[in-house]
Amino acid sequence: MSATSKKKSRSRLYLSLGTTAFGALAVVKEAKLAREENDTLRAIDAIVSTAKIVTGLAVLYRELKRLGDDDVLLG
């Protein structure tokens with residue numbers, strides 16, 4: 001794998017991490033709304049969405065580690 005394609009892949013992964021984390025804000029709002037309205041179905045949706053986001057972030061983190069990223073944040 002060339003350095004250029006490695007950099008592009010890393011950039012894509014960082015973008016995916018950012019968009020996934022941004023999606024977490026929507027889930028937090030959904031959970032607050034569910035709590036305020038005492039809406040069980042909306043609360044279940046927020047819980048499932050949270051699990052999806054956590055899993056997605058874990059997969060993206062693993063991919064960054066595979067790329068051998070020497071970013072300070074990842075150690």
Student: By side chain to side chain contact (heavy atoms under 4.5 Å, CB included), which residues pair with Leu57, not counting sequence neighbours?
Tutor: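 So Leu57 forms a side chain to side chain contact (heavy atoms under 4.5 Å, CB included) with Leu17, Thr20, Ile53.
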Student: Which value, rounded to the nearest 0.5 Å, describes the distance between Leu60 atom CG and Tyr14 atom OH?
Tutor: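 One finds 11.5 Å between CG of Leu60 and OH of Tyr14.
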Student: For Val54, what are the other residues in its hydrophobic cluster, where any two members join if their side-chain heavy atoms are less than 4.5 angstrom apart?
Tutor: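 Listed partners: none, Val54 stands alone.
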Student: Which atom pair, heavy atoms only, marks the closest approach of Ala34 to Ala43?
Tutor: CB-N, 3.5 Å
Student: Would a 4.5 Å heavy-atom cut-off, applied to side chains only, mark Asp39 and Leu33 as touching?
Tutor: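 In short, these two side chains do not touch, never coming nearer than 4.5 Å.
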Student: Can you list every salt bridge (Lys or Arg N to Asp or Glu O under 4.0 Å) pair that touches residues 53-63, not counting sequence neighbours?
Tutor: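 Passing the test, one end in residues 53-63: Glu63-Arg66.
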Student: Got a sec, which pairs hit side-chain hydrogen bond (donor to acceptor under 3.5 Å, both in side chains) with one end in residues 44-58, sequence neighbours left out?
Tutor: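 Of all non-adjacent pairs touching residues 44-58, none passes side-chain hydrogen bond (donor to acceptor under 3.5 Å, both in side chains).
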Student: Side-chain heavy atoms under 4.5 Å apart, restricted to Ile/Leu/Val/Met/Phe/Trp/Tyr: what other residues fall into the cluster of Val48, or is it alone?
Tutor: Ile44
Student: Enumerate donor-acceptor pairs with a distance under 3.5 Å from any side-chain N or O in residues 22-30 to protein atoms, sequence neighbours excluded.
Tutor:
from, atom 1, to, atom 2, distance (Å)
Glu30, OE2, Arg42, NE, 3.2

